Each structure stands twice: as structure tokens, then as C-alpha cells.
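Since we're looking at a predicted model, the values are computed, not measured.
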Amino acid sequence: AAQSLTCPGSSATGCETYHYHLQAWSPEFRSTSEFSGFNTFASATACEENRRAAQATNAQAIQFLATAARRMKTEANVYGECHCDRTRDTAHPNYLDDRMRNYQVRTEQEFRHHMLGELLRRGLEPGSELARSFANAPSRFPSSALGRERTLPVEGSERLLRPEDAVLLEARTTAVPSEGEWYKDVQLATVALETPAPAKMGASSDHVFVRSEVSRIQEIVLEASWSGDPPARIFRACAERMQLLSKLGRMIDSGAPDSLLAREGQKAVYDDASLERFITNLFGREAAARWVPRNPEEMSFELPPAIAADPAAVLQDPDERYSVDEQKLALYAYLVKNPLNPGEEVWLRSLAESWLEE
């Protein structure tokens with residue numbers, strides 16, 4: 001099987017770049033998919049070292065599941081041999097354009113998230129080397145706050161954290177950072193979030209953007225859980241972001257499958273420039289600058305007192321006292337802090353789409 005995972009006409013020497021193909025199994029879908037554009041290496045040695053490390057990690061994961069979930073049917077990944085990367089050759093049948101390559105990168109990482117989630121649910125310690133191996137796997141397209149690629153979500157990928165019933169970690173001050181085991185003293189606290197209207201799955205891009213950003217929060221929470229210093233501010237920032245994403249999902253659902261908000265949200269998943277433009281148009285420049293900061297603690301920020309005190313009044317603004325930028329900040333504040341009453345999704349979506357049209 002491994003011998004068939006190759007680019008036709010490739011060799012193992014004399015290449016500018018090398019890679020290996022992967023037939024990966026997802027415990028979420030109980031199925032396999034083949035990936036050829038998720039990795040690139042400058043030398044055959046680097047490719048082989050990475051391939052062997054990934055194969056060993058996957059073997060450990062399958063062995064763990066064989067013990068912890070004896071009745072669960074599992075499949076080990078199949079790793080092809082290292083060879084010339086022909087996916088960048090426009091004349092080759094294996095050529096991948098940027099969009100398809102990014103899709104493969106994100107979906108392959110999503111498969112690893114599925115496996116990590118299954119391992120954690122079956123009792124794997126979050127601070128174990130095996131868990132770290134899955135979360136810290138390298139990506140050639142880093143763009144998240146953790147230096148790893150954002151994940152293009154697939155249906156069901158929000159199992160670790162979901163907008164409707166997220167469970168976030170709250171660090172206790174009694175933890176001992178120097179021991180590197182503080183996560184054992186972390187208290188799990190259910191964050192009360194609103195239940196969104198049923199999604200129109202398959203009808204449009206609905207929640208593609210939301211699920212992509214939930215995956216980002218998953219990474220931040222996992223990374224913070226293994227930190228040597230309990231960063232309580234990170235968890236508060238993640239809780240705020242989950243509140244916002246939950247209500248933004250309801251706004252998307254309130255419109256047609258091809259509404260402007262849904263279309264622009266889908267575009268924002270694929271590249272950082274579109275993401276920055278989307279957040280700027282919805283919530284303003286300050287929110288865009290804080291959306292993917294180097295330090296996740298900076299995701300939340302202080303709003304002007306007049307906006308924070310009554311964001312609904314700023315949004316309605318019958319006397320036109322506030323600028324569009326101030327109203328965008330008010331939408332951010334409203335989605336983070338205010339309950340979303342039935343019917344308000346349509347009003348807020350219409351307001352947001354008026355800004356997206358500018």
C-alpha cells in the first residue's frame with residue numbers, strides 16, 4: 001500500500017523538494033483519506049526522519065486505543081515512501097493549486113485533531129508525550145496564534161469544543177508551575193452559552209468560518225493547558241471568543257445559504273488577508289488586530305466605556321451620534337456580552353452585511 005502512495009514518474013534522488021503521501025484514518029468518520037500536498041522537505045533525509053516520527057506516533061496512538069477501547073475498530077495510517085514532490089509541477093497529474101494544497105493541509109491536521117480528541121476521551125493524559133506529538137506536529141503554513149495552521153473544519157470536527165456547549169479550562173492559582181503538572185489541578189467549568197438554531201448543514205457554507213475559528217480556540221486551549229504558567233486570561237479570552245462565534249453562527253443561519261455574510265465568512269477561512277478583511281468589516285480594525293495576536297491573552301481588549309456600557313444603543317443610534325467604526329465595535333461587544341434575543345439575528349445580519357458591501 002505504501003508503494004502505491006507516490007507521484008508517478010518520481011524518483012528518490014536529485015529533487016529540489018521531497019515529500020511523502022499519507023493515507024490517514026479518522027476515528028471521527030471511521031474512514032480514510034489520501035493526502036499528497038500537506039508536507040514538503042528540502043532533503044530526503046529530513047523527509048524520512050519526519051515520516052518515521054509520524055509513523056511511530058500513529059503506531060503509539062493505535063496501540064493506546066487497542067488497550068483503552070478494545071471494541072473500537074481502528075486502522076493505522078499508511079505512509080508512502082519519500083520521493084520527489086511533483087505536486088508543484090503544473091504539468092504533472094498530481095499538481096495541486098494553492099487552494100487544494102491548503103485544503104489538504106487543513107484536512108490532514110483535522111484528522112490529527114480527531115485522533116487527539118479520541119485519545120483524550122479514552123483517558124490519555126493531556127501532558128503526555130503522545131498528546132504533545134499530535135498537537136505540535138509541524139505545518140508548512142503557520143498562521144494561527146500558536147504558529148500552526150488554522151484548520152479547515154469538517155462536519156463533526158467541533159467535538160472538543162463547540163459554540164453551543166463549550167467546556168473551557170479555568171486555571172487555579174494554587175497550581176505549581178515549576179512542576180509542569182499544573183493542568184492536574186485545573187478545574188473544568190462549563191461555560192453557559194446559548195444554543196444556536198439548528199444548522200442547515202449541507203445547504204451552504206454555514207458555520208464553515210465558525211467551525212474554523214472554533215478549531216483555532218481548540219488549539220489555544222490545548223496549548224495553554226500544557227503551559228508551565230496557568231494563563232487564566234487566555235481562558236477568559238477564549239470564553240469571550242466562543243460566545244461571539246456562537247452568536248455569529250446564529251446570524252449566518254438567519255440568512256439564505258448564499259447570503260453575503262455566509263459567502264464572506266467562507267472566503268475568510270482560506271487565507272489570512274481575507275480573514276483580516278472580514279473581521280475588519282464586521283468588528284473594526286481594533287478587533288481585527290486582536291483576532292490572531294502572537295500572545296492569545298491579547299484576544300480580548302478594553303472597549304470604550306460608552307460602547308461597553310450599552311452596545312445596543314450604539315447599534316441602534318437613532319440620532320446618528322456614533323461613527324461606523326464605533327458601531328462595529330458595538331457589534332463585537334454585543335455578541336460577546338449580550339444575550340441574543342429571538343429575531344435579533346436578522347437585524348444584526350442586515351447591519352453586518354451593509355458594512356460588508358462597502
Side-chain angles (χ1 to χ4, degrees), residues 144-145 150-151 153 158 160-168 189-197 199 205-221 224 233-255 261-262 264-266 268-269 274-293 296-304 307-312 314-315 325-342 344-353 355-356:
S144 78
R150 279 187 294 120
T151 307
E158 63 279 20
L160 292 182
L161 291 176
R162 298 183 294 178
E164 59 265 35
D165 60 357
V167 176
L168 299 178
T190 300
V191 179
L193 297 178
E194 301 179 64
T195 302
S205 65
D206 49 12
H207 289 306
V208 168
F209 172 77
V210 173
R211 292 201 307 269
S212 176
E213 292 303 311
V214 167
S215 295
R216 188 198 303 282
I217 301 303
Q218 289 177 2
E219 291 189 353
I220 292 174
V221 170
R233 287 183 58 192
I234 288 180
F235 298 122
R236 287 195 293 271
C238 288
E240 289 183 2
R241 183 64 59 84
M242 294 293 284
Q243 288 279 5
L244 182 146
L245 292 172
S246 174
K247 295 163 191 172
L248 184 58
R250 289 178 56 181
M251 289 169 56
I252 294 174
D253 284 341
S254 71
L261 183 59
E264 293 301 310
Q266 185 178 28
V269 170
S274 296
L275 174 63
E276 182 178 3
R277 183 169 57 252
F278 182 63
I279 300 303
T280 301
N281 288 341
L282 283 185
F283 306 125
R285 294 183 180 84
E286 178 72 10
R290 301 277 187 158
W291 195 261
V292 194
E297 295 183 41
E298 298 174 359
M299 286 195 304
S300 61
F301 56 95
E302 293 296 326
L303 294 161
I307 293 176
D310 193 354
V314 178
L315 288 171
D325 288 338
E326 289 173 320
Q327 288 189 311
K328 290 178 179 180
L329 277 178
L331 177 60
Y332 178 92
Y334 195 82
L335 296 183
V336 167
K337 299 181 178 181
N338 284 48
L340 199 57
N341 298 319
E344 288 186 331
E345 302 96 331
V346 177
W347 163 54
L348 293 175
R349 178 177 54 78
S350 299
L351 185 63
E353 289 185 342
W355 299 332
L356 292 173

K.L.:
With distance as the sole test, does S246 use its side chain to make a donor-acceptor pair with the main-chain N or O of Q243 at under 3.5 Å?
P.N.:
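No; judged by distance alone, with no hydrogens or angles, the pair does not exist.
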
K.L.:
L351: what forms a side chain to side chain contact (heavy atoms under 4.5 Å, CB included) with it, not counting sequence neighbours?
P.N.:
L315, S354, W355

K.L.:
Between K328 (side chain only) and A287 (backbone N and O only), is there a donor and an acceptor less than 3.5 Å apart?
P.N.:
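Not a single qualifying donor-acceptor pair exists.
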
K.L.:
Give, for atom CD1 of I220 and atom CZ of F235, the distance between the pair rounded to the nearest 0.5 Å.
P.N.:
10.5 Å

K.L.:
Before you tell me yes or no, could you show the steps for K247 and L348 under side-chain contact (heavy atoms from CB on, under 4.5 Å), namely the whole-Å CA-CA distance, both residues' side-chain angles and the distance that decides it to 0.1 Å?
P.N.:
CA-CA 10 Å; K247 295 163 191 172; L348 293 175; over 6 Å; no

K.L.:
Using the side chain to side chain contact (heavy atoms under 4.5 Å, CB included) criterion, which residues pair with A309? Sequence neighbours excluded.
P.N.:
none

K.L.:
Roughly how far, to the nearest 0.5 Å, is the OG atom of S254 from the CH2 atom of W347?
P.N.:
12.5 Å

K.L.:
List for me each residue that meets salt bridge (Lys or Arg N to Asp or Glu O under 4.0 Å) alongside D310, sequence neighbours excluded, and say none if there are none.
P.N.:
none

K.L.:
Quick check: closest heavy atoms across A330 and I307, and the distance to 0.1 Å?
P.N.:
CA-CG2, 3.6 Å

K.L.:
Rounded to the nearest 0.5 Å, what separation is found between the CZ atom of R241 and the CD1 atom of I234?
P.N.:
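So the CZ of R241 and the CD1 of I234 are separated by 12.5 Å.
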
K.L.:
Hey, does V336 have a side-chain heavy atom less than 4.5 Å from the side chain of L303?
P.N.:
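Sidechains of V336 and L303: no contact.
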
K.L.:
Looking only at heavy atoms, what is the nearest atom pair of R250 and N341, with distance?
P.N.:
NH2-O, 4.2 Å

K.L.:
I'd like to check R285 versus D325 (side-chain heavy atoms, cut-off strictly below 4.5 Å). Are they in contact?
P.N.:
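Yes, at least one pair of side-chain atoms sits under 4.5 Å.
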
K.L.:
Measure from the side-chain N and O atoms of Q327 to the backbone N and O of V314, and report whether any donor-acceptor pair falls under 3.5 Å.
P.N.:
yes

K.L.:
With sequence neighbours left out, write down each residue that passes side-chain hydrogen bond (donor to acceptor under 3.5 Å, both in side chains) with R290, or none if nothing qualifies.
P.N.:
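Testing R290 for side-chain hydrogen bond (donor to acceptor under 3.5 Å, both in side chains), a comparison that skips the adjacent residues, returns E286.
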
K.L.:
Among all residues two or more places apart in sequence or in another chain, which pass the salt bridge (Lys or Arg N to Asp or Glu O under 4.0 Å) test with R349?
P.N.:
E353

K.L.:
Mind checking side-chain hydrogen bond (donor to acceptor under 3.5 Å, both in side chains) for W291 and listing every partner two or more places apart, or none if nothing turns up?
P.N.:
E213

K.L.:
If you round to the nearest 0.5 Å, how far is CE of M251 from CG of L244?
P.N.:
9.0 Å

K.L.:
Could you pull out all donor-acceptor pairs under 3.5 Å where a side-chain atom in residues 277-284 meets a protein atom, sequence neighbours excluded?
P.N.:
| from | atom 1 | to | atom 2 | distance (Å) |
| --- | --- | --- | --- | --- |
| R277 | NH2 | S274 | OG | 3.2 |
| T280 | OG1 | E276 | O | 2.7 |
| N281 | ND2 | R277 | O | 3.3 |

K.L.:
Measure the shortest side-chain to side-chain distance between F301 and L329 over non-hydrogen atoms and say whether it is less than 4.5 angstrom.
P.N.:
yes

K.L.:
Which pair of non-hydrogen atoms, one from A312 and one from Y334, has the smallest distance, and what is that distance?
P.N.:
CB-CE1, 3.7 Å

K.L.:
Can you tell me how far CG of D253 sits from CD of E345, rounded to the nearest 0.5 angstrom?
P.N.:
9.0 Å

